[in-house]
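First comes the structure, then the notes that go with it.
First listed ligand is number 1; within each ligand, the first listed atom is number 1. The model shown is predicted, which means the values in this text are computed figures rather than measured ones. We number each residue from 1, following the sequence as shown.
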Amino acid sequence: MLTTAPRGTHDILPGEVEKWQHLETMIRFHCRLFGYGEIRLPLFEHTELFQRGVGETTDIVEKEMYTFTDRGGRSLTLRPEATASTVRAYLEHNLNGAPQPAKLYYIGPMFRYDRPQAGRYRQFSQFGVEAIGSADPTVDAEVILLALDLYAKLGLSDLTVQLNSIGCPKCRRQYRDTLVKYLSQQQNELCDSCLGRLERNPLRVLDCKEDACRRVTKNAPEFSGFLCAECREHFELVKGCLERAGARYELNSNLVRGLDYYTKTVFEITWSGLGAQTALCGGGRYDGLVEECGGPPTPGVGFAMGLERLFLALDQAGIELPGKEAPDVFVAALTREDNATAFELLTWLRRAGISAEKDYLSRSLRAQLKHANRLGASFTVIVGGEEAVRNTVSLRNMADGSQEEIRLDDLISVLTERLHC
Ligand code: HAM
């Protein structure tokens, strides 16, 4: 147990970390392009925030939260998602006083007590954006495009945007009644979980993955026929904006999402190569959430994408992000006596902005050269011997094995020139 990480968690090792850093840098650059600024939120919040925000009857709140009582007797929860936290921060820091909408993004770990499998973890990372303070349908389209353009930049194609509108509380009431009537007539066909959902959260029956439930929901009444005029107009505009931007989408009347705060637009971006966990990204509009959290009526829209799933997709698509960077130079000591000189040279090189490594295991020269090769160094500088007396070093080009004698005084300028040409 002491040598394995808890189930559903994973380490990101050197070599992989550089890929994460590369992706995060791309995300930050991309968000700036779209006018979103970073927000850093706590990893835990008052449990009530998620109960109220995400919804008491959702799987996340009912079964998946890491909730604990702290030493002061408060109930706290490791964040399972960050939309509720962003809204809390928006209210706590009066971000409604700043230019609206507040356009925010976050990158970081989330925690859900889910059944781990490929693409599903108990600690996973999300990149998410939230635009709070505008009801304009172009913002719905903007966040969808932000995600799509990022995937395109990474080289990922063949994505599907699944789109639906689940209306506002007004039109949802009518739809909900009709749906309950329809589902109740076929109760015998529904799985146990859906029988419970029928009572507490009937819309969630629509995205049950059980075959029997799917057979029932295939012919269920569609929300589109129940949207009020305002919600219908909003949805038409979102679709129109996506079309103008050349983004293809599929209407999916069974898409309802697993969090209770959504209103109007909901969407998921899927990639078929991912197997069971096809959702790379999910989001939608949440016009009631700010009020639910104690603020004034304020619309909002956003999404979050799972970064582990994104890496799985990139992997499967054969897309490599830049990994571990090799040192520019390896400094080899000819003998043990040259070790301190090698260290001094190493320090010079690093201070001159040249990434450099040396041997720390008293290896022979042959073994040092082998090690330099394994590290992928472009050059090896060999210090010691007769060259040391002449104030020179041997500079070995690791690509072709050629070696030449260089004056110590010229070393940095020679290396700088060769490394940058
Ligand atoms: P979500 O659909 O629960 O939405 O999660 C968004 C994405 O996070 C999923 O599409 C998936 O890629 C990733 N994800 C979720 N659970 C796991 C898991 N156990 N392991 C690995 N990846 C996972 C939300 O979290 C909303 N807060 C999104 C949002 C933002 N809606 C509006 N604004």
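- The N/O atoms of Glu130, backbone and side chain alike, include one that comes under 3.5 Å of an N/O atom in ligand 1.
- Taking only nitrogen or oxygen atoms, main chain and side chain alike, Arg112 reaches within less than 3.5 Å of ligand 1.
- Close N/O approach between Arg120 and ligand 1 is not found [any backbone or side-chain N/O within under 3.5 Å].
- Checking only distances, Ala279 does come within under 3.5 Å of ligand 1, N or O to N or O.
- No cation-pi contact links Arg172 to Phe226, judged by a cut-off of 6.0 Å to the six-membered ring centre and 45° from its axis.
- Close to ligand 1: Gly119, with a non-hydrogen atom less than 4.0 angstrom away.
- Near Asp114, the atoms of ligand 1 lying under 4.0 angstrom from a non-hydrogen atom of the residue are 19 (N).
- Residue contact annotation: Cys281 has a non-hydrogen atom under 4.0 Å from ligand 1.
- The nearest heavy-atom contact from the protein to atom 27 (N) of ligand 1 is Glu81 OE1, 2.6 Å.
- For ligand 1, none of its N or O atoms has an N or O atom of Ile60 under 3.5 Å away.
- The distance from ligand 1 to the heavy atoms of Gln126 drops below 4.0 Å at these ligand atoms: 5 (O), 6 (C), 7 (C), 8 (O), 24 (C), 25 (O).
- Taking a 4.0 Å cut-off on heavy atoms, Glu308 fails to register as neighbouring ligand 1.
- Every side-chain contact (heavy atoms from CB on, under 4.5 Å) that Arg350 has, sequence neighbours left out, goes to Leu346, Ala356, Glu357, Tyr360.
- A salt bridge does not link Glu189 to Arg215: none of the charged side-chain nitrogens sits closer than 4.0 Å to a carboxylate oxygen.
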Query raised in the report: Can you check salt bridge (Lys or Arg N to Asp or Glu O under 4.0 Å) on Arg197 and Asp59, steps first, answer last?
Result: CA-CA 10 Å; Arg197 289 180 185 132; Asp59 284 354; 3.8 Å; yes
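- Residue-to-ligand polar distances place Tyr121 within reach of ligand 1: an N/O pair is separated by less than 3.5 Å.
- A donor-acceptor contact shorter than 3.5 Å links the side chain of Gln368 to the backbone of Arg363.
- At a heavy-atom cutoff of 4.0 Å, ligand 1 is contacted by no atom of Met110, backbone or side chain.
- Nearest protein heavy-atom contact of atom 31 (N) of ligand 1 is Tyr262 OH, 2.6 Å.
- Using cut-offs of 30° and 60° for the angle between ring planes, the His10 and Tyr121 rings count as tilted.
- The shortest N or O to N or O distance between Leu280 and ligand 1 is below 3.5 Å.
- Ring pair Phe127/Phe303: centre-to-centre distance below 6.0 Å.
- Here the protein heavy atom with the shortest distance to atom 1 (P) of ligand 1 is Arg257 NH2, 3.6 Å.
- For the salt bridge (charged side-chain N to carboxylate O under 4.0 Å, His left out) condition, no pair includes a residue of residues 302-315, sequence neighbours left out.
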